[in-house]
There are 2 protein chains.
Amino acid sequence: MKPTYLTRIPAAEAHIRATGERLTQPRVAMLATLMTADHAISHLDAVDALAKHHPMDRVTVYRVLEWLVTMGIAHRIAGDDRVWRFMLTAAKPNGKANAQHLQHAHFTCNDCGQTFCLDEVSPKLPVKVPAGFKTIDVDLKLRGQCAHCA
Amino acid sequence: MKPTYLTRIPAAEAHIRATGERLTQPRVAMLATLMTADHAISHLDAVDALAKHHPMDRVTVYRVLEWLVTMGIAHRIAGDDRVWRFMLTAAKPNGKANAQHLQHAHFTCNDCGQTFCLDEVSPKLPVKVPAGFKTIDVDLKLRGQCAHCA
DNA sequence: TTGCAGATGCAATTGAGTCGCAAATCAATT
DNA sequence: AATTGATTTGCGACTCAATTGCATCTGCAA
């Protein structure tokens, strides 16, 4: 069954505390919200989801989301509608961010519009680039129908 | 050496005439401009580039670009800055759009910001998706340093 | 408890992209 | 060559995600 917001609070606090940065209510609430999502959520989705338990300013949502990205806790995905969507970066068992996650795939459903992470697809992409080009980051994006809509 | 705008006009006219749609000045100018670019250009880049030889309205640029995409002559790429960039779709020797081009890779340089097409990388991507998911379109995006900036 | 760097809220701004509508243009037909 | 009618273009106004500036508040350490 789906995890609820409230049950994620302690884990969210621990995760933020582990960064050594300031532990603030908006950060906890935002991270707990991300933890309950099984797909990438937009800034607006986040505002709506937070409205129930911990309403906060739109701009704060932007800034907290950006902070989570710079901390490596979340990553952002460019949607076809020019809207950023955010998702937790997969963590390794020890709690550290997964470096391999930098190179991974996303699947966006043409019907429902949801975006999912496909971690299992990614790490072994053999990508050849022309001479002189240096690859730092790889992003694989699929479009189609998700299991629910097909 | 780089192709110039003027030398591309005849080819652009021929290409548009081949679609069976109306041959208009903005379409010719836009296509000729795209033909001189070796990397993906934004809507604003296009407006600036056209200003010299064939100034046209911002909105017209958007619409012509969109028309070129629906015709399969160009394709659009979502940039990390939420800006669409456009590029000619590689044509096969017979002049028809290349269907395989639908599944291909882009390389964006972190330093100069230019985006290039890597047609040779793409077609044989073995992508596994979870059960029930149906892939229709694949987009591979690389980030790093291009040959010029490295 | 206090001090203050860093975080948040609010209002205003930016900038890519879109919409509606009147005027202009292309091309088919006379 | 002129007419006609459907498409396109230009212009203004608009939408909406995201950002910026600044005053206020808050977490944390001394």
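Residue numbers begin at 1 in each chain, while the letters A, B, ... track the order of the sequences.
- Fit an axis to the five pairs at each end of the helix from C/dT1-D/dA30 to C/dT30-D/dA1 and the two axes sit 30° apart, to the nearest 10 degrees.
- If you take CZ of B/R27 and C1' of D/dT7, they are 8 Å apart, rounded to a whole angstrom.
- When the nucleotides D/dG10, D/dT9, D/dC28 are ranked by their closest atom to the side chain of A/L23, D/dC28 comes out on top.
- Residues that satisfy the side-chain hydrogen bond (donor to acceptor under 3.5 Å, both in side chains) test with A/D80, not counting sequence neighbours, are A/R143.
- In terms of position on DNA chain D, the residue among B/P55 and A/Q25 whose nearest nucleotide sits closer to the 5' end is B/P55.
- Within the 4.0 Å cut-off from OP1 or OP2 of D/dT7, not a single side-chain nitrogen or oxygen of B/T24 is found.
- Note: A/H106 and A/H75 meet the aromatic proximity criterion, with ring centroids under 6.0 Å apart.
- We find that CG of B/D57 is positioned 8 Å from C1' of D/dT9, with the value rounded to whole Å.
- Judged by distance alone, the side chain of B/R85 and the main-chain N or O of B/I41 form no donor-acceptor pair under 3.5 Å.
- Residues A/F116 and A/C146 are in side-chain contact: their nearest non-hydrogen atoms beyond the backbone lie under 4.5 Å apart.
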Give the table of side-chain donor-acceptor pairs shorter than 3.5 Å for residues 46-67 of chain A, with sequence neighbours excluded, one pair per line with atom names and distance.
| unit_1 | atom_1 | unit_2 | atom_2 | d |
| --- | --- | --- | --- | --- |
| A/D57 | OD2 | A/V59 | N | 2.9 |
| A/Y62 | OH | A/H43 | ND1 | 3.2 |

Decide side-chain contact (heavy atoms from CB on, under 4.5 Å) for B/I73 and B/L88; before the verdict, give the C-alpha distance in whole Å, the side-chain angles of both, and the deciding distance to 0.1 Å.
CA-CA 6 Å; B/I73 297 173; B/L88 279 189; 4.0 Å; yes
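- Residues B/I77 and A/V129 do not share a hydrophobic cluster, defined by chaining ILVMFWY side chains whose heavy atoms lie under 4.5 Å apart.
- To the nearest 0.5 Å, atom CG of residue A/N110 and atom CG of residue B/D137 are 8.0 Å apart.
- Between the side chain of A/K141 and the backbone N or O of A/A78, at least one donor-acceptor pair lies under 3.5 Å.
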Report the C-alpha separation of A/T33 and A/Y5 in whole Å, then their side-chain angles, then the decisive distance to 0.1 Å, and conclude whether the side-chain contact (heavy atoms from CB on, under 4.5 Å) test is met.
CA-CA 6 Å; A/T33 298; A/Y5 172 81; 3.5 Å; yes
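- In the 5' to 3' direction, nucleotides of DNA chain C lying under 4.0 Å from heavy atoms of chain B begin and end at C/dA16 to C/dA27.
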Generate the contact string for nucleotides 13-26 of chain D. Rules: B means base contact, S means sugar-phosphate contact only, - means no protein heavy atom under 4.0 Å.
----SBBBB----B
Side chains of residues 20-32 of chain B: which donor-acceptor partners sit under 3.5 Å, not counting sequence neighbours?
| unit_1 | atom_1 | unit_2 | atom_2 | d |
| --- | --- | --- | --- | --- |
| B/T24 | OG1 | B/R27 | N | 3.4 |
| B/R27 | NH1 | B/R22 | O | 2.8 |

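- Put simply, CD1 on B/I16 is 18 Å from P on D/dT7, counting in whole angstrom units.
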